[in-house]
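Positions are given from 1 along the sequence.
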Amino acid sequence: MSFEVLISLSSFGSAEVGRHGQLWCSELGRAAGADSVEVRGEMLRDADAELPALNGLASVYSSPEGLWAQGGELDSAALRRSIAAATRVGAKRLKMSIGDFQASSHGSLQGLKTELAATPVELVIENDQTVRAGTLAALQAFFDAADGAGLSLGMTFDMGNWHWVGECPLQAAQALGHRVRYVHCKGAQRLPNKWVAVPLGDSVAPWRAVLRALPADVPHAIEYPLVGDDLLAVTRAQIDFIRAARAQF
C-alpha cells in the first residue's frame, strides 16, 4: 500500500523553528526521507517571505484559526486567509479545526460550501485539543450537519489529541475512520498534571489498533517532538518507523 509520510514542522519545536525557520526544517525533513511537510501558520515569522520560498516542499498548510468564531458565526475572513496561505505555499490541503461550531451555525454551512467551491484546496477538519472542537460528539454533530448541507468534508485524524479531551482514540478511529484523508501520528504519555506528545513507539495508547482502524493509503504525518544532537538521523529513524509500522497493517 502506497502512502506519503510527512512531517508537521511543529515537530521540530518552537525554538528550533524560531532559530532556523520552516524552510530549513522542510529541507532537513526532505533530506531525511519525508515525502513532504506540513507548514504551520502559527510558526511563520514573515509569511510574505516564507510562504513563497516553501512552495514545492509542502503539501499541507495548517491554520491556527478555527472555522467558526466564538458565538458560532462562520469566520469567513479566517477561512480566506487560510486558503490564501495554502495557495501561496502550494499546498493541496488546508487543515483547520471547526472552532465554535454549534446548533446556530448550521445555516452558515452553505456559506462554507460556496467558499470551498471557489478553490482547488481541499479542507480537512482536525480534532483539536478542545472540548468544543475535539470530542467525538462535537465532530460527529458537525459532520452530520455538513453531510445534510451537501458538503462532503474529509478529516485530519490526530491520534494523540483525543487524550487531551479525555476520549478513546480507538473508539474515535472506528467511528470516523471512513472520513479520514490525513493522519497525524502522535503518541501520548501522561505526566502528573498533563498529557505530552511522544513518538508512537513510546505511547501509552493502543496506537497499532488505531492505525489498523484508519485508512492505510492516505498521507501520515509525524507530529511529535523530533529532538537530538543528530537531528537528521533522528528524523530519518522516525520516518522509517512510521513507514514500517503502517506497512504492517
Side-chain angles (χ1 to χ4, degrees), residues 1-40 43 54-62 89-93 95 124 126-127 154-163 169-170 172-173 177 180-190 195-249:
M1 186 68 71
S2 177
F3 69 100
E4 293 183 336
V5 176
L6 281 67
I7 297 176
S8 172
L9 296 179
S10 58
S11 301
F12 292 113
S14 57
E16 201 75 9
V17 175
R19 184 179 305 115
H20 297 293
Q22 292 193 65
L23 177 58
W24 183 91
C25 293
S26 298
E27 290 171 339
L28 186 148
R30 295 296 289 268
D35 294 297
S36 189
V37 300
E38 175 188 306
V39 172
R40 304 292 298 205
M43 289 183 156
L54 287 160
N55 197 303
L57 293 170
S59 57
V60 180
Y61 177 78
S62 173
V89 81
K92 59 187 177 183
R93 285 192 173 97
K95 180 178 73 65
V124 281
E126 182 184 33
N127 58 298
M155 180 181 178
T156 296
F157 189 97
D158 189 298
M159 296 172 65
N161 282 353
W162 304 102
H163 296 280
L170 180 55
V180 173
R181 303 292 179 268
Y182 180 43
V183 177
H184 264 188
C185 297
K186 180 192 291 176
Q189 281 188 0
R190 182 69 183 177
W195 286 96
V196 294
V198 298
L200 282 189
D202 299 329
S203 183
V204 299
W207 60 268
R208 293 179 180 84
V210 174
L211 276 183
R212 277 194 294 268
L214 296 173
D217 58 349
V218 301
H220 288 55
I222 291 172
E223 203 205 21
Y224 50 75
L226 295 170
V227 293
D229 292 337
D230 189 340
L231 194 53
L232 180 64
V234 168
T235 304
R236 182 180 292 116
Q238 289 301 320
I239 291 169
D240 291 346
F241 181 93
I242 297 298
R243 286 207 172 99
R246 181 73 269 191
Q248 294 175 14
F249 313 121

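Listed for the Ser36 side chain is no donor-acceptor partner under 3.5 Å among the backbone atoms of Leu6. Checking side-chain atoms of Asp35 against main-chain N and O of Val5 turns up a donor-acceptor pair under 3.5 Å.
Within the 4.5 Å cutoff, no side-chain heavy atoms of Val218 are placed close to those of Tyr182. Inter-residue side-chain proximity for Val183 and Phe3 is flagged as unmet; no heavy-atom pair is nearer than 4.5 Å. Counting heavy atoms from C-beta on, the side chains of Leu57 and Leu23 come closer than 4.5 Å. Between Asn127 and Met155, some side-chain heavy-atom pair lies under the 4.5 Å cut-off. Residues Trp162 and Phe157 are in side-chain contact: their nearest non-hydrogen atoms beyond the backbone lie under 4.5 Å apart. No side-chain heavy atom of Met43 sits less than 4.5 Å from a side-chain heavy atom of Leu9.
For the side-chain contact (heavy atoms from CB on, under 4.5 Å) with His220, the lone residue among Arg246, Met159, Arg243 that qualifies is Arg246. With Ser8 as reference, Arg40 is the one residue of His184, Lys95, Arg40 to meet the side chain to side chain donor-acceptor pair (under 3.5 Å) rule. Of the candidates Val227, Leu226, Thr235, Ser11 forms a side-chain contact (heavy atoms from CB on, under 4.5 Å) with just one, namely Leu226.
The existence of a salt bridge linking Asp230 and Arg236 is excluded, since no basic side-chain nitrogen approaches an acidic carboxylate oxygen closer than 4.0 Å. The pair Glu27-Arg30 does not count as a salt bridge, with every side-chain nitrogen at least 4.0 angstrom from each carboxylate oxygen.
The line from SG of Cys185 to CG of Leu214 is 8.5 Å long, rounded to the nearest 0.5 Å. With values rounded to the nearest 0.5 angstrom, Arg19 atom CZ is found 9.5 Å from Ser14 atom OG. Put simply, CD1 on Ile242 and CG on Leu200 are 4.5 Å apart, with the number rounded to the nearest 0.5 Å. Here CG of Leu231 is found 8.0 Å from NE2 of His20. Values are rounded to the nearest 0.5 Å. Phe12 CZ to Ile7 CD1: the interatomic distance, rounded to the nearest 0.5 Å, is 4.5 Å. Going from atom CZ of Arg190 over to atom NE2 of His163 covers 11.0 Å, rounded to the nearest 0.5 Å.
Here the closest non-hydrogen pair linking Val234 and Gly228 is CG2-CA, 4.2 Å. Smallest separation of non-hydrogen atoms from Trp207 and Ala245: CZ3-CB, 3.7 Å.
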Verdict with reasoning, Val89 to Asn55, per side chain to side chain contact (heavy atoms under 4.5 Å, CB included): CA-CA 4 Å; Val89 81; Asn55 197 303; 5.6 Å; no
Asp202 vs Tyr224, side chain to side chain contact (heavy atoms under 4.5 Å, CB included): CA-CA, chis, key distance, verdict: CA-CA 11 Å; Asp202 299 329; Tyr224 50 75; over 6 Å; no
Leu54/Gln22 under side chain to side chain contact (heavy atoms under 4.5 Å, CB included): CA gap, chis, key distance, verdict: CA-CA 8 Å; Leu54 287 160; Gln22 292 193 65; 4.1 Å; yes
